[in-house]
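Read the structure below first, then the notes.
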2 protein chains.
Amino acid sequence: MATMQDVARLARVSVSTVSYALTGARPISQATREKVLAAMAELDYQPNALARGLASRRSRILGLLLPLDERGLGATESAFVTGAAATASAAGYHLVLSPVDAGDLDGLRRLASQRMLDGVVLMEVQVDDPRVGVLREARVPVVLIGRTGDTADLSYVDIDFDRTVRDAVAHLVDLGHRRIVHVNHSAAALAGGYGPALRSRDAFAAAMTGYGVTPVMIPAEESAAGGRHALTTAFGRAPDLTAVLAMNESAVFGILGELTAHGRTVPDDVSVVSMVTSPQVAELATPALTTMTSPGTAVGRIAIEALLRHVRDDGTALHQELLPCTLEVRGSSGPVRRQAVGAPRTEHPS
Amino acid sequence: MATMQDVARLARVSVSTVSYALTGARPISQATREKVLAAMAELDYQPNALARGLASRRSRILGLLLPLDERGLGATESAFVTGAAATASAAGYHLVLSPVDAGDLDGLRRLASQRMLDGVVLMEVQVDDPRVGVLREARVPVVLIGRTGDTADLSYVDIDFDRTVRDAVAHLVDLGHRRIVHVNHSAAALAGGYGPALRSRDAFAAAMTGYGVTPVMIPAEESAAGGRHALTTAFGRAPDLTAVLAMNESAVFGILGELTAHGRTVPDDVSVVSMVTSPQVAELATPALTTMTSPGTAVGRIAIEALLRHVRDDGTALHQELLPCTLEVRGSSGPVRRQAVGAPRTEHPS
DNA sequence: ATGAAAGCGCTAACAT
DNA sequence: ATGTTAGCGCTTTCAT
């Protein structure tokens, strides 16, 4: 493995000249530059990343921190990861995937103090997240995917839940729906301060109230069974419901199955809209799900771009951006049936 | 940020003593060890990972190389990634996620020559994969997830497709099925030498022939639409089919939908078994899918464990392991209907 | 425009 | 059992 010394010797210049030719940190005459480049090619030279990092105090490694519980990554989170990886790589940075359990602040502190990461993207942020403080203390540049409660001096990229819920409700209201039940994340997520659950709950309440109708929100476990159970509850609390607005990618499939079991047809009897959902998942259902499509890889990409700006010129302004999910109408939503309210299965057209 | 010098000074010992106290590479008296530890705690010392890597010629960073196309990661691949990340992290290693397009051998060469990675796990391996050669040339320890055609001197972890298919066919045959159609990955995947597609095709042919029945294999695009289309083809080639054995997690949902459209009930008229599928995905279907559950995170874990052995003691024996998928019977498979062959919808019990 | 040389913070001989 | 010191391969002042 050739070193910079070897290149310098072969090109008959000093090592610093080779270094400058490589980094462009100071002007080099055309002639020497060519000599150096030729020598590099000749020796098949590749700079040693660790040596460069040690000397320059920049590792060119970014961290992607996320809790890795047994459930693994959902389609949306997985898109964040791949978007981030692709962007970092294209910018000449490495991206290390670090599982950091929410509770393991010491581990995080150790990670941050190793001087291995130029900056980190923090995923699965809680409304009140102690990890943010640890990172700031270690003076590691941070960009969040998600938001803490107080975002005063933090860069973040997040889904615009308010707008997503508002647009979804508008879609259903436009179709004539009034009795809309919002199936949210689990009660535990709500209680634990999970941002998406909290924000969609509030946005839903606001939107429905704006239309003069009563919001009904039901939490559901993140599983098909959770969805089935939630739907039963929903029929208890709103027997005349005509639409379900889901904020729970796993539960929505159970909802679909249970609707069929209850003798309701989608979308004729009940419309279903699934929020923050990927097209791949939407297509798995029959009929295909009308979704608010999550911005997916864009979130990861923008987070890395913002982080790179922080890493490179230290005094950058904050980057705070909300990306909306976009409505994609597929087969699971349609106009409300005029007279059918409270009386499914009965067939007596007006 | 305290350095080893600072610790040495405070503990009144030499830097090497601090270093040895840290790594345990040579014995240290109890007394000095305690002095050193105390000084470290006092200064909140954390070793600089880059400096350590440069001096020791071991970065303690592993690479996970995978092509990152627009489709992103499926549930199974995502489980590989999280399993690998968790294991590396627990072993005190970092895991960098490197998108390497199958064609970009130069990029791979550059990555491998940077001396940043102690070893790599290569995912999405093709039967004839030039990336393996590049990595060996760069003398980077490699473990594959998947297999090349010639595995003579390579370590790998892969799913045992032969056994998975055999077990799945046995399950269906036990239930009385004989007309079983195998819906595979796409024709392009087959033509491109995608291992799982090739191996399941062959294993299916062998298993069916073993039972004295004719194998019918149909490729399908990786989407619900692909599954629907494949099922139509299937009914053309085997109108009396009673079971579908899918090797295509996306297509299987289209198959389910299309079966309903054809007026067939699952599992009463047609049984469906989905191979290499995660429980989470299985639960999304109604009825829940009988699957050959993929070993998921275990694959990633074992790959990293094997890689670590290669990285640490250089002369390790190869690790070649095949993990079977395990049958989990859910609602989509059941006994064949005695008389219904070729005559769905007719209701005249024996 | 180029060179010389002092580190970056650690490991691992080589001493004793 | 501990200390001394020469690197690891680069970046970056400070000279010229």
Side-chain angles (χ1 to χ4, degrees), chain A residues 1-37 39-40 43-61 92 94 110 112-118 311-312, chain B residues 1-37 39-40 43-61 92 94 110 112-118 311-312:
Chain A
M1 194 100 302
T3 76
M4 202 172 252
Q5 281 281 5
D6 301 329
V7 175
R9 206 147 32 216
L10 182 60
R12 304 186 161 288
V13 297
S14 72
V15 280
S16 60
T17 299
V18 177
S19 174
Y20 287 121
L22 207 56
T23 63
R26 85 180 182 191
I28 296 283
S29 78
Q30 191 57 32
T32 34
R33 149 161 292 122
E34 271 159 21
K35 276 195 305 188
V36 171
L37 259 31
M40 284 182 177
L43 296 173
D44 207 10
Y45 170 75
Q46 281 299 124
N48 178 311
L50 259 33
R52 165 179 292 198
L54 178 59
S56 67
R57 292 139 170 290
R58 286 160 164 276
S59 65
R60 294 177 160 272
I61 304 177
H94 296 273
R110 220 170 303 128
S113 311
Q114 279 186 127
R115 315 265 73 183
M116 167 158 280
L117 304 180
D118 285 349
V311 164
R312 300 211 248 233
Chain B
M1 194 102 299
T3 76
M4 201 173 253
Q5 281 280 4
D6 302 329
V7 176
R9 207 150 27 218
L10 183 59
R12 304 186 162 289
V13 296
S14 73
V15 280
S16 61
T17 298
V18 177
S19 174
Y20 288 120
L22 208 55
T23 62
R26 86 180 180 190
I28 297 281
S29 78
Q30 191 56 33
T32 36
R33 148 160 294 121
E34 271 159 23
K35 276 196 304 189
V36 171
L37 259 29
M40 284 182 177
L43 295 173
D44 208 9
Y45 170 76
Q46 280 302 124
N48 179 312
L50 261 32
R52 164 179 292 196
L54 178 59
S56 67
R57 297 147 163 286
R58 285 161 166 277
S59 65
R60 293 175 160 274
I61 304 176
H94 295 275
R110 219 170 304 128
S113 311
Q114 278 187 126
R115 315 266 73 184
M116 168 159 278
L117 304 180
D118 285 348
V311 164
R312 302 211 246 232

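Residue numbers begin at 1 in each chain, while the letters A, B, ... track the order of the sequences.
- Distance A:R52 CZ to C:dC10 P: 21 Å, rounded to the nearest Å.
- Residue B:T3 places none of its side-chain N or O atoms closer than 4.0 Å to OP1 or OP2 of C:dG9.
- Nearest-nucleotide assignment on DNA chain D puts the 5′-proximal partner with B:S16, out of B:S16 and A:V15.
- C:dA4 atom P lies 11 Å from atom CD of A:Q5, rounded to whole Å.
- Residues B:G53 and A:A51 each lie close to DNA chain C; by heavy-atom proximity, the contact nearer the 5' end of the strand is made by A:A51.
- Between the base of C:dA12 and the side chain of B:Y20 there is a donor-acceptor pair shorter than 3.5 Å.
- Within the 4.0 Å cut-off from OP1 or OP2 of D:dG3, at least one side-chain nitrogen or oxygen of B:T17 is found.
- A donor-acceptor contact under 3.5 angstrom links the side-chain atoms of A:R26 to the base of C:dT2.
- For A:S16, the side chain to side chain donor-acceptor pair (under 3.5 Å) partners are A:S14, not counting sequence neighbours.
- Heavy atoms of B:L50 sit nowhere under 4.0 angstrom from any nucleic acid atom.
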Requested in this report: Under the side chain to side chain contact (heavy atoms under 4.5 Å, CB included) rule, what do B:D6 and B:T3 come out as? Steps first, then yes or no, please.
Outcome: CA-CA 5 Å; B:D6 302 329; B:T3 76; 3.6 Å; yes
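- One finds a side-chain N or O of A:T32 lying less than 4.0 angstrom from the OP1 or OP2 phosphate oxygen of C:dT2.
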What donor-acceptor contacts under 3.5 angstrom involve side-chain atoms of residues 24-32 of chain A, with partners at least two apart or in another chain?
from	atom 1	to	atom 2	distance (Å)
A:S29	OG	A:T32	N	3.3
A:S29	OG	A:T32	OG1	2.6
A:Q30	NE2	A:E34	OE2	3.0
A:T32	OG1	A:S29	O	3.0

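- Here the CD atom belonging to A:Q114 is positioned 11.0 Å from the CE atom belonging to B:M1, to the nearest 0.5 angstrom.
- Of the candidates D:dA1, D:dT2, C:dA1, C:dA1 carries the atom nearest the A:P27 side chain, counting heavy atoms from C-beta on.
- Taking the nucleotide of DNA chain D with the nearest heavy atom to each of B:S29 and B:R57, the more 5' of the two is matched to B:S29.
- OP1 or OP2 of C:dC10 lies within a sub-4.0 Å distance of a side-chain N or O belonging to B:Y45.
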Query raised in the report: Given B:I61 and A:H94, is the side chain to side chain contact (heavy atoms under 4.5 Å, CB included) satisfied, shown in steps?
Result: CA-CA 11 Å; B:I61 304 176; A:H94 296 273; over 6 Å; no
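- If you measure from atom NZ of A:K35 to atom C1' of C:dA1, you get 12 Å, rounded to the nearest angstrom.
- Contact between the side-chain N/O atoms of A:S56 and the OP1/OP2 oxygens of D:dT11 is not found at any separation under 4.0 Å.
- Rounded to whole Å, the distance from CG on B:L54 to P on D:dT11 is 12 Å.
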